[in-house]
4 protein chains.
Amino acid sequence: MSDLEMPPAPACAFASDNAAGAHPLVLDAIVRANEGHALAYGSDAWTAETEARFRDLFGPQATSLLVWNGTGANVMALAAMIRPADSIVCSRWAHIAVDETGAPERVLGTKLQTVPSLDGKIVPEQLLELEYLIGDQHHAQPGVVSITQSTELGMVYSPDEVAALCDTAHRLGMKVHLDGARIANATAALGGTVDALRSFTVDAGVDAVSFGGTKAGMAFGEAVVFLDPELARRAKFIRKQVTQLPSKMRFVAAQFNALLHDDLWIRLAQHSNGLATRLYDATKGIDGVTYDAAPQVNSVFPMLPAHLIEPLQAWCFFWPWDVTRDQVRWMTAWDTTADDVDRFAAGVAALCAAG
Amino acid sequence: MSDLEMPPAPACAFASDNAAGAHPLVLDAIVRANEGHALAYGSDAWTAETEARFRDLFGPQATSLLVWNGTGANVMALAAMIRPADSIVCSRWAHIAVDETGAPERVLGTKLQTVPSLDGKIVPEQLLELEYLIGDQHHAQPGVVSITQSTELGMVYSPDEVAALCDTAHRLGMKVHLDGARIANATAALGGTVDALRSFTVDAGVDAVSFGGTKAGMAFGEAVVFLDPELARRAKFIRKQVTQLPSKMRFVAAQFNALLHDDLWIRLAQHSNGLATRLYDATKGIDGVTYDAAPQVNSVFPMLPAHLIEPLQAWCFFWPWDVTRDQVRWMTAWDTTADDVDRFAAGVAALCAAG
Amino acid sequence: MSDLEMPPAPACAFASDNAAGAHPLVLDAIVRANEGHALAYGSDAWTAETEARFRDLFGPQATSLLVWNGTGANVMALAAMIRPADSIVCSRWAHIAVDETGAPERVLGTKLQTVPSLDGKIVPEQLLELEYLIGDQHHAQPGVVSITQSTELGMVYSPDEVAALCDTAHRLGMKVHLDGARIANATAALGGTVDALRSFTVDAGVDAVSFGGTKAGMAFGEAVVFLDPELARRAKFIRKQVTQLPSKMRFVAAQFNALLHDDLWIRLAQHSNGLATRLYDATKGIDGVTYDAAPQVNSVFPMLPAHLIEPLQAWCFFWPWDVTRDQVRWMTAWDTTADDVDRFAAGVAALCAAG
Amino acid sequence: MSDLEMPPAPACAFASDNAAGAHPLVLDAIVRANEGHALAYGSDAWTAETEARFRDLFGPQATSLLVWNGTGANVMALAAMIRPADSIVCSRWAHIAVDETGAPERVLGTKLQTVPSLDGKIVPEQLLELEYLIGDQHHAQPGVVSITQSTELGMVYSPDEVAALCDTAHRLGMKVHLDGARIANATAALGGTVDALRSFTVDAGVDAVSFGGTKAGMAFGEAVVFLDPELARRAKFIRKQVTQLPSKMRFVAAQFNALLHDDLWIRLAQHSNGLATRLYDATKGIDGVTYDAAPQVNSVFPMLPAHLIEPLQAWCFFWPWDVTRDQVRWMTAWDTTADDVDRFAAGVAALCAAG
C-alpha cells in the first residue's frame, strides 16, 4: 500500500463524539455567562434555569444535579440508589463495568454483577435469574440495575423493553438507573421528541438518569436526574462527597441551557445518527467490510481486513473495538459533515480496493 | 437602620473568589481551543503544553495531571500518597477535613487526624506528638501530612516553615501534600515569582501539590502536580478511578496555558491580595470593626457588631465565618476593583456610624 | 531500687480485662457445644437460644447478631445506621476514633466527627453545636452519635444522661449507637439488674448496641443488638459483608448462653468493679500516687512517680495511659482476686516507699 | 415415596465441612490455653509458637497473622496485595466473587475481574487475555490473581499448574493469592506431606495464602501467610483495620498449634477426602445418579432425579448446587465416618430404587 495515493482525509475523524468540541451556541453560552459575580455551587440563575428545564423534560417531580463528567454522574446517581450490601446488575459491556477503572467499586464499595449481552442490552429474564440471591446472606443483594441507552454497542432499547425491565426490577425490589451518556442519540433514534425521551425514562419507570451533555455538544458537564424523588433527598451531599460538585456552576448550567433550548440536543443527535447511517450505507457494500447490524445511533462497528486497519487509522484515526474479530468502531459527532463521511468512505473503498 | 440610605453597592461582592468568572484571556483560550476534533482524555496538544508549563514551574521531574475541581484534586493527590492503614494529618481548619463533606474518608477510606490550629497552619512539633502512634497496630499510621497554602484563614507559611514540616514529616516516614487551591495568592504574597513558588514547594520538600486554577481566574479546572516521581506512577489510573478525568481535556488545558502564560496567575493574585490589604486599611479604623491580624492574601476576617451583619450582607453579600465571635469573611477576587473596595468600605462605615 | 525486694507478684496482672481467659462456665459451654454436626452461620439451636436471651434482655423488638470482636461489632452496627454523606459524632477518646486503626473510616467510608471530652462522655450541647452543619452540602451530615458505656476512661453515663443525648440526637435526625464493650461493667455499676441495663439502653432511646462478650468473660465473641427494628432489616447481609459472620456460630452462641444465664455477666462485672474500688482504696493514700477520680467500673487511672512506672511494670505488667501526665491504667478482670489486688497494692506501696 | 421406609439417617449429614465441630485435640487445646492471664492481640506464647509452626511449613521468610474467618483472611491478604486502581482476577466460581456478599468490593474498594471456569480453576492464558488492559487509564489494572485450592468445585491445581499461573502473573506484574480455605484437603490430595504443601505454594511462587483452619477441624480461626515478605510490612495494621485482629488470640493460636502438630491437619483431610471417594464409589452406579467427575477432595457433585432431591434432603440434609442441572453437593468432614457414608449411600439407593 505504500504507493497508494489516498484521498484527502476528512476534517473530522471518526474516533469518538468526545473528540468534537462544543457547539457554537453552547460555547456562546459560556462566554455570555462570564459576566460579573455569581455565587458558587449552584446558587445562581443559570442553574435555576437548568433545573426548570429538566423539570420541563421529565416532569415536576424530577430533581436534577449538575456534575462534571460521565463517570461522576454514574457514580453519584448510583451512590444515591444503593443500600448496604447491594450489588449493581449491568451488562458485561456496561461502561460502569468496563471503562471506568473500577470507580464504582472504589467510590461505592459495591459489587457490579455483570450479565451476558451481545449488544449491550439486557432483558428481564436476566434479572429473574438472579432472584435466588435475594435474601441469602452470603451474596450481595441485587439492588440496582443499570442500563445504558443507547448502549455501548450503539443499540437502542425500545420504550417497551425499558418498561419491562423496570417492571421486573421493581417487582424484585430493585431500582433502575439509566446511563444516558448518549441519551440524546437514543431520543433522536426513538422519534426525536421530548415525548420520546419520556417514553423510555419516566414513563417506563426509570428511577434515575445520567443525562449526558459532553458527547451531545457541550465542552464538559453532565446531569444526574432523579425521577424517584425519594432518591434525591441526600443527593446534594452525595454529589459533593464524590467530588462532583462544580464550583462556578453557571458554566455547566449555561451550556445545558443552550443545549436544551429549542431541542438543540435532539437535532444534533439526529444529525450524527443520520451520518452514521450514511457511513454504513456508503461502506456496507465495500469488499472486505462486513457488519453485524445496521446502526441505530451514531456509531458503526465494521469488521475490516486486518492488514488495512492500521493504514486506515494512520490516514484518519479511529479506535479498535473487538481485536479478536478485527472489529473497529467509527463514530460520528454533532460536527461531522456529510463530506467527512463521504471522504472517509472513499478512503475505505480505496484502501480495500488496493487491498 | 431602615431609614439609612446606603451608598450604591459594589459591582463585585466579597463572597468568595469562586464567585468571580473567568479572566478574559482564559475565556478567550476556551474559545480558541474549540476548533475541530482533538482526542479526548489528554491526548491533545493543549494538554502537552500544560504539562510542559508545569515542568517549567516545578522542574523536569514534576508530573502534572489535570482534574475538575479542588476536592477532586485533593482526593486524587492523597489517593496516590497513602498506604493501607495510613492516616492523613491536617489542621482542624483544613478544607479536606471541614469542607469536603467527607469526600476523603469516603473515597480514600482513610482517617483524617486533625490537630489544633488558630490560623490554619501547623508546626513540626504537632507531627512529633503523633510519633507514638507509629508502629502500634491499634492506631492508624500517620502517613501523609496535608497543609494548605495559603491557609483557610488567609495565612501564609514561609518557605522555612514548609521546609521544617517536610523535614520532620520525611524523618517520620510521612509524605507531604500541599493543598494549593490558592497557591497563586501564596506565591504572590511570598514574592510573586516562580522562584517564590519553588521555595515553598519543590525546594522545601513537598511531595505533591493541588494547584488551584478555579479561584485563580479559570472557569473550572485544577491540577495535581507530583514532585516525587514515585507518587506519579499510578496517578493516571487513580485520576480516572476517582472520577476526575476530564473528557474534552483541551478545555482545561487551554485555560491553564492562558493562566500560566506570562505569570498571569501571579499578577491576578497580586491584584486580589492588594485589594484585601486595601480593604483592611480602609476598615480597620471603623468603630465597631476589629481584626485579629492584617491580611496576607486575598481575604480579611473582621469581627463586626452582631446586628449589622445581616443588613450589610443584604446590601452586598459575604459569608459568615465564626458565628460565636461575630466574625465574617470578606474575600477579593481577580476582578475586584479598587472602586468595589472603596464603595464597600464606605458602606461598612456608614452602617457602623448609623449603628 | 535495684536492691528492693518486691513482694511476690499477683497471679493476675492488671493489664486489661482481655488478658483474662474465659470463665469456666463459658469454657464448659464451648466444650458441650462441640457435639456432632450443626449447620453453620447461625442456623443452629444455640444461636436461636442466644437470640431469645437478647430479646429477654432488651424486649421483643430487639434483633441480635453475633460477631467476632469489638471493632467488628462497632463497624457492623454503624454500617447499618449511617446514610450516605453522614458523619459519626463521638468523643475524642472513643475507641472507634482512637483505637481501631481507622477501621470505621475504611469500612464505612465515613467521617468521625470527634468532640472534646475529659472522661469519655459527651453531652447534648455538643450535638447542638453541630446543628449548623445540617443541610449544608459542604459538610458531612451528623447522622449517628456513638457513645461508649462505660467509657474508655472508666466513667458511666447515668440513664438520664443517655436519655438526654438520645432526645437531642433524635430531634436532630440522628441515631444513637452505644459501644458496650464493657456494658456489663456499666450495668453492674448502675444497679446490677436487667432493669439497670434497660434504663440506659432501650428505655433511654438507644438505637443499637455493641454488646461486649470478650471482656465480660468469653474467649471471643460480641453481639450487635438493634433496638430500632428498622436498622436490623439489612443487618445479616452487612454482617457478612464486613467479614463478621462466624461460620461455626454455635461456639459464639454457646458462650453467650452461659454468660447471660442467671446474670453471670453482671455478677462477674460486679466482681471486677468491686476490685477496682478495692485497688483504689488501697492505693489512694500511698505517697506519690494521685487520682483524678474514684473508679466507677473496673479500671483506675493513677498518676505515679515517673521513675517508678517501669520498675512497677517489670514486676507486674500494666499499660501506660497519658504519658504526658505519668498516668497509667490498672484494670481488673472477672478472674482478678482480692489477693491479687492486695499484693499489687503492697508492691506499689513498697516501691513508692523505697522511692 | 410416602410409604418408603428409609434406613436410619447417618449421624453426620453431608451439608458442609463447617457443620462439623472441632477435633477433640483442638478443643482440648482451647481448654488448656484457658489458664491465667496472657496479653491480648498476639503478645502471647501460643501465638509465637504458631508463627514458628508456619515458618516450619513455609520457610523462614513466611509471616503469618491469625484472623477470625475465611472472608476476613481473604480480604486481609488482598488488602496487603493491591495497589490503587488494581483489579483482582479470579474464576467466576471464586468464593471471593460469589459467596462473600461483596466484602472484597466494600472493604478493598476493588473490582473483581471474573473469568470463565468450569471447575473453579483458571489457566495462564486467561491472564494473558487481560494483558491489553494494562496501562490503559480507562480500565482497572489487573494487579492480583486469586486462585482457590482446592477449588469451590472440589478440584485441585497441580503444582505445575500453580507455578505456570505464578510465572505468567509475575511476568505481567501481578501478585498471586491462594485462597486455601481447604488447603488441607489439597495438600492431602497432592501427597499428604509438607513438601506437597510447599510444592503448590512457596515453591510455585505464590505470594500470599489464606490458610484455612475452621474447615480443617478448628472451632474458628484462619491464618494469612505472606510468602513475599514485602507484602507483610503493613499487615498487622491492615489486619486490625479490616476488623480481623483477635483479642484473646491465644484461643486461635492454641487451636492451630494442635492442628498443625504431627500433621493432624493433613491426616484429617486425608480422612475426609477418602470418604468422599468412598461416597462416590458407592453411588456412581446407582440408577439416576450421574457425575461429571470423580472427587479429588472432600466433596462430590452428583446430578439426581429432581423429584428425589427434597425427600433426600429431608432425610439427611445437604445443599443444592446447580439447580438448573439438578446438581447437588455432598461434602464430608473430618468427623464423617465410613458408616455415615454407607448409610447415606444406602439411603440414596433406596430412594432411587423406589423413585
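Proteins get letters first, then strands, A, B, ... in listed order; numbering begins at 1 in each. Predicted, not measured: the structure shown is a model, and the values here were computed from it.
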Top of [options] for chain D proximity - count of heavy-atom pairs under 4.5 angstrom:
options: C:Thr71, C:Asp28, C:Val67; result: C:Thr71
options: C:Ser247, C:Ala219, C:Ala40, C:Gly36; result: C:Ala219
options: C:Gly102, C:Gly21, C:Ser43, C:Gly72; result: C:Gly21

Smallest separation among heavy atoms of [X] and [Y], with atom names:
X: C:Asn34; Y: D:Ala22; value: OD1-N, 2.6 Å
X: C:Arg250; Y: D:Ala19; value: NH2-O, 3.0 Å
X: C:Asp99; Y: D:Lys240; value: O-NZ, 2.7 Å

- Query: How far does CH2 of D:Trp68 sit from CD of C:Gln244, to the nearest 0.5 angstrom?
  - Reply: 8.0 Å
- Value rounded to 0.5 Å, distance of OG in D:Ser16 from NE2 in C:His37: 9.0 Å
Portion of [X] that has a non-hydrogen atom of chain C nearer than 4.5 angstrom:
X: D:Leu245; value: backbone
X: D:Asp340; value: neither
X: D:Ala15; value: side chain
X: D:Met76; value: neither
X: D:Ala33; value: neither
X: D:Val75; value: side chain
X: D:Asp335; value: side chain

Measure from the side-chain N and O atoms of [X] to the backbone N and O of [Y], and report whether any donor-acceptor pair falls under 3.5 Å.
X: C:Gln241; Y: D:Ala103; value: no
X: D:Asn69; Y: C:Thr243; value: yes
X: C:Lys248; Y: D:Ala20; value: yes

- Given D:Thr101 and C:Lys236, is the side chain to side chain contact (heavy atoms under 4.5 Å, CB included) satisfied, shown in steps? CA-CA 10 Å; D:Thr101 317; C:Lys236 70 176 179 178; over 6 Å; no
- Message: For C:Ala73, which atoms come within 4.5 Å of any heavy atom of chain D: side chain, backbone, both, or neither?
- Response: neither
- Task: Measure C:Asn18 against the heavy atoms of chain D and call it side chain, backbone, both or neither at under 4.5 Å.
- Result: both
- Item | Trace of the side chain to side chain contact (heavy atoms under 4.5 Å, CB included) decision for D:Val107 with C:Val242 | CA-CA 7 Å; D:Val107 183; C:Val242 301; 5.5 Å; no
- Query: Centres of the C:Phe251 and D:Phe220 rings: under 6.0 Å?
  - Reply: no
- Task: Would you check, one step at a time, whether the test side chain to side chain contact (heavy atoms under 4.5 Å, CB included) holds for C:Leu27 with D:Ile30?
- Result: CA-CA 9 Å; C:Leu27 187 69; D:Ile30 292 178; 3.9 Å; yes
